[in-house]
2 protein chains.
Amino acid sequence: MRANPEKPDTTKHDTTPEVSHVSDETLRGFIGYNMKRAFNFIQADLAQVLKPHDLRMVTFSTLVLIVDNPGMRQSQLADALAIERPNLVVILDELERRDLISRDRVPTDRRAHALKATFKGRRLFEKALRDVKDHEDRVMAKMGLDDRARVIAAMRLIEAE
Amino acid sequence: MRANPEKPDTTKHDTTPEVSHVSDETLRGFIGYNMKRAFNFIQADLAQVLKPHDLRMVTFSTLVLIVDNPGMRQSQLADALAIERPNLVVILDELERRDLISRDRVPTDRRAHALKATFKGRRLFEKALRDVKDHEDRVMAKMGLDDRARVIAAMRLIEAE
DNA sequence: TATTGTTATACTCTATAACTATA
DNA sequence: TATAGTTATAGAGTATAACAATA
């Protein structure tokens, strides 16, 4: 497991050898480490893709869920996004200010807001979605179609404990 | 792509229907979304595993790299961890205060620090490593051995653009 | 009494500029 | 002049408590 089994293990403050190449072989065996690195890469690339649309990962996901689930409440959306309700409020404030979504009172429960995408919001959704699909094809370009499906299936197995 | 193709698409503020189940089918098609969810699960489980050792993900990774690369400089370690040098300083401060690592001046370049794990650091490394291996077996319990290797290989393909 | 959305706040992570001591 | 480590700081992202309106 150690990097240099041939080095003397004196544990004394003798001459400290310079390290020419840093080995991460122990960490490389872990799926968590490899997933973090791969996800960091995807996240950075996706951020660049969404920037021209003035969207971040979380605002894009929010817009997608609202388009796909018109009339949804904020508490339902927060659950789906796995974020806390207070943090969703500022996200929706921004999307509403940009006229991408609307917050309408639910007649049957005046505490709740029914979320809907505006026409402008659906237009932005469609444009951004095309770019995100291109981004996905790009980051998975080196993998075969069967491997892509296998990887996604594996991810879902992991989270479904 | 829409959740309810049978709903009337009036786009008017008519009676807002309650949403019974939130659909994320659009996002489910993306590897980035699935990877984020899977990684969140792994991260939460790993945090619980490391907590009894008073370690976080980043302090564990730091300790592993120092054990595997004795004599390494802080700048090399920051590169390997993909974090900025200033953020590494406080991490090393903590590990040094707990007597898990040492920072020794490099005789040939008195600007640099040679990093080494102490005996106590190596002991903690070995104990934590066993728990992390158990954690990995647990989160990948539902996958076959061939799928585990395939997923890790796919991760490395993604980040190696 | 419980829930929805909200405000305020705090804590972690991460990123950048500027300093010191060495090269 | 450039580099290694450091300090201070600011910005994201995330989490919790408490409030008003409503159920």
Side-chain angles (χ1 to χ4, degrees), chain A residues 16 18-19 22 36-37 39-41 43-44 46-48 50-51 54-62 66 71-97 101-116, chain B residues 16 18-19 22 32 36-37 39-41 43-44 46-48 50-51 54-62 66 69 71-97 101-116:
Chain A
T16 49
E18 298 278 331
V19 173
V22 176
K36 182 185 177 70
R37 295 178 66 99
F39 182 65
N40 281 350
F41 179 85
Q43 202 170 27
L46 184 54
Q48 287 303 112
L50 292 175
K51 184 172 274 181
D54 265 307
L55 290 172
R56 291 168 293 145
M57 253 185 94
V58 66
T59 50
F60 172 73
S61 303
T62 300
I66 295 174
M72 182 179 37
R73 294 167 173 226
Q74 292 184 199
S75 52
Q76 291 179 303
L77 179 53
D79 276 355
L81 287 167
I83 66 178
E84 298 302 316
R85 268 67 95 216
N87 297 324
L88 178 59
V89 171
V90 296
I91 293 168
L92 294 178
D93 285 347
E94 180 193 330
L95 294 179
E96 191 180 33
R97 181 185 51 75
I101 64 153
S102 65
R103 283 195 264 212
D104 301 329
R105 287 273 173 212
V106 175
T108 55
D109 184 348
R110 291 186 40 76
R111 295 172 302 180
H113 286 162
L115 302 172
K116 284 182 184 166
Chain B
T16 48
E18 298 278 333
V19 173
V22 176
K36 183 184 178 69
R37 294 177 66 100
F39 182 64
N40 281 351
F41 179 85
Q43 202 170 26
L46 183 55
Q48 287 303 111
L50 291 175
K51 182 173 275 182
D54 265 307
L55 290 171
R56 291 168 293 145
M57 252 185 96
V58 66
T59 50
F60 172 73
S61 302
T62 300
I66 294 175
N69 300 275
M72 180 178 41
R73 294 166 173 229
Q74 291 185 198
S75 52
Q76 291 178 304
L77 179 54
D79 276 355
L81 287 166
I83 66 177
E84 298 301 316
R85 268 67 95 216
N87 297 325
L88 178 59
V89 171
V90 296
I91 294 168
L92 295 179
D93 284 348
E94 181 193 330
L95 295 179
E96 191 181 32
R97 180 184 51 74
I101 63 153
S102 65
R103 283 195 264 213
D104 302 328
R105 287 273 173 213
V106 174
T108 54
D109 184 348
R110 290 186 40 75
R111 295 172 302 181
H113 285 163
L115 302 172
K116 284 182 183 167

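All values below were derived from every heavy atom in this structure, side-chain atoms included, with hydrogens, water molecules and symmetry-related copies excluded. In what follows, chains carry the letters A, B, and so on, assigned in the order in which the sequence lines appear, proteins first and then strands, with residues in each chain numbered from 1.
- Atom CG of A:Asn40 and atom C1' of C:dA15 are 14 Å apart (whole Å).
- In this view, B:Arg56 and B:Glu94 satisfy the salt bridge (Lys or Arg N to Asp or Glu O under 4.0 Å) rule, not counting sequence neighbours.
- Considering only side-chain N and O atoms, B:Ser75 lies nowhere under 4.0 angstrom from the phosphate OP1 or OP2 of D:dT3.
- Remark: P of C:dT4 and CD of B:Glu18 are 11 Å apart, rounded to the nearest angstrom.
- Residues B:Ile83 and B:Ile91 have side chains in contact (heavy-atom distance under 4.5 Å, counting atoms from C-beta outward).
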- Once each nucleotide of nucleotides 6-14 of chain D is scored for protein heavy atoms under 4.0 Å, what B/S/- sequence comes out, 5' to 3'? BBB----SB
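- We find that CE of B:Met72 is positioned 10 Å from P of D:dG5, with the value rounded to whole Å.
- Contact between B:Ser61 and B:Leu81 at its shortest, heavy atoms only, is CB-CD2, 3.8 Å.
- The salt bridge (Lys or Arg N to Asp or Glu O under 4.0 Å) pairs that include a residue from residues 73-88 of chain B are A:Glu18-B:Arg73, B:Arg73-B:Asp109, where partners are two or more places apart or lie in different chains.
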N/O contacts under 3.5 Å, protein versus nucleotides 20-23 of chain C?
residue: C:dA23; atom: OP1; partner: B:Arg110; partner atom: N; Å: 3.0

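- Across all non-hydrogen atoms, the minimal contact from B:Gln74 to B:His113 is OE1-ND1, 3.2 Å.
- No side-chain heavy atom of B:Asn87 sits less than 4.5 Å from a side-chain heavy atom of B:Val58.
- Distance B:Glu96 CD to D:dG5 P: 13 Å, rounded to the nearest Å.
- At whole-Å resolution of the value, CD1 in A:Ile101 and P in C:dG5 are 12 Å apart.
- Here A:Thr62 contributes atom OG1 and A:Leu88 contributes atom CG; the two are 6.0 Å apart, rounded to the nearest 0.5 Å.
- Under the side chain to side chain donor-acceptor pair (under 3.5 Å) criterion, A:Glu96 pairs with A:Arg103, sequence neighbours left out.
- Rounded to a whole Å, the CZ atom of A:Arg73 is 13 Å from the P atom of C:dT6.
- We find that CD1 of A:Ile91 is positioned 14 Å from C1' of D:dA15, with the value rounded to whole Å.
- For the pair B:Ile66 and B:Leu92, the minimum side-chain heavy-atom distance is below 4.5 Å.
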